[in-house]
Amino acid sequence: MKKLLVVLVLLLPLGSLLAQTAGYVPFTYANKTIEELEERPLLKDSLKKIYKKRWTIGLEYGQRFVSNSSRSIVPDTVTLTDFTGRNSFVGLEGGYFVSEDILVFLAVDFMTLPKNQEITSLTIGGPNGIEAEGSGSGGVMLNVGIGGKYFFPIGPFSRIYSGLKLGIIKAVAEGGIGGFTLTQGQYQQTIRQSRNYSYGNIIIGLAHRLSPKLMIDFNMGYLHASRSRNIGGILSPAGITSTLALQLILGKGNRVR
């Protein structure tokens, strides 16, 4: 009987402890979290949380390769410029996501030709004493276009897209000859020419979100442009294009899928 009483005495504290903890379930918070995760819709494309109704602005660096059919068979002997040997351009692009999948944008870029100056002849001791003659040239292409992109999800942070850009390219070239003689002094003759081309540029690209505010964009495409008379050795700027852009995403956007 004494032994039974001892056992009961020992069990009373344990029973009290169990009674106190009966209302506490160690895994309550874990179960609640799991339930919330299960009820939350699966986010296959996290970019949807960032894109809709937001602005973008970005820096561009690209290449524009003039096709062989768009080149002149003879060089530009009027301005002495050569657009066929220059491909790189830089620019700015601003856009707005009208929906989660559609972006409209305005882009401006320019390609410059460094000034090319060279001495073509030098005579010392002639009838005019010292005579020097040289040539020089330079040019720029300005591209202004508007367009749209349609995005397809391929992962939580990346999207492929197809797009179309329409615009105008203005090419300006200037060059000529000049010289110096002791009897006549300096002289020069320069000519400036310009051409305007309308174009359509079909592009396919990939956008990848680096952070909620930063995105990198790469695309390639083909630019089909109108034709004109020879300037800088080209009849048209048509050809393959490639562009790399770093874009900043602005605005609060849509946080609901």
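For reference, positions follow the sequence shown, starting with 1.
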Trainee: Donor-acceptor pair, Ser211 side chain versus Leu214 backbone, under 3.5 Å?
Mentor: yes

Trainee: Does anything in residues 148-157 form a side chain to side chain donor-acceptor pair (under 3.5 Å)? List the pairs, not counting sequence neighbours.
Mentor: Glu93-Lys149, Lys149-Asp217

Trainee: So with a 6.0 Å cut-off around CG of Leu248, is the heavy-atom count from everything else above 12?
Mentor: yes

Trainee: Please give me the minimum heavy-atom distance between Ser226 and Ser236, naming the atom from each residue.
Mentor: O-OG, 3.0 Å

Trainee: So does Ser88 get a backbone contact from the side chain of Arg64, meaning a donor-acceptor N/O pair under 3.5 Å?
Mentor: no

Trainee: Between Asn230 and Asp76, is any side-chain donor less than 3.5 angstrom from a side-chain acceptor?
Mentor: no

Trainee: Can you tell me if Arg192 has over 12 outside heavy atoms packed within less than 6.0 Å of its CZ?
Mentor: no

Trainee: Considering residues at least two apart in sequence or located in another chain, which fulfil the side chain to side chain contact (heavy atoms under 4.5 Å, CB included) criterion with Ile168?
Mentor: none

Trainee: Give a yes or no on whether the backbone of Asn219 and the side-chain of Thr243 come within a donor-acceptor separation of less than 3.5 Å.
Mentor: no

Trainee: Do Leu103 and Val98 pass the side-chain contact (heavy atoms from CB on, under 4.5 Å) test, and can you show the C-alpha distance, the side-chain angles, and the key distance before you say yes or no?
Mentor: CA-CA 6 Å; Leu103 168 76; Val98 296; over 6 Å; no

Trainee: Measuring only between side-chain heavy atoms, which start at C-beta, is Ile249 closer than 4.5 Å to Met215?
Mentor: yes

Trainee: Please list all pairs passing the ring pair (Phe, Tyr, Trp, His ring centres under 6.0 Å) test where one or both residues lie in residues 212-233, with sequence neighbours left out.
Mentor: none

Trainee: Each residue besides Ile202 in its hydrophobic cluster should be listed here, by chain and number; the cluster joins Ile, Leu, Val, Met, Phe, Trp and Tyr at side-chain heavy-atom distances under 4.5 Å.
Mentor: Leu164, Leu166

Trainee: For the pair Phe97 and Phe151, name the ring-plane relationship: parallel under 30°, tilted 30 to 60°, perpendicular over 60°.
Mentor: tilted

Trainee: Can you pull out every ring pair (Phe, Tyr, Trp, His ring centres under 6.0 Å) where at least one residue sits in residues 53-87? Sequence neighbours excluded, please.
Mentor: Trp55-Tyr96

Trainee: Clusters formed by hydrophobic residues whose side-chain heavy atoms approach within less than 4.5 Å: which one holds Val74, and what are its other members?
Mentor: Ile73

Trainee: Side chains of Ser99 and Asp101: donor-acceptor distance under 3.5 Å anywhere?
Mentor: no

Trainee: When you measure from the side chain of Arg195 to the backbone N and O of Arg229, does any donor-acceptor pair fall under 3.5 Å?
Mentor: yes

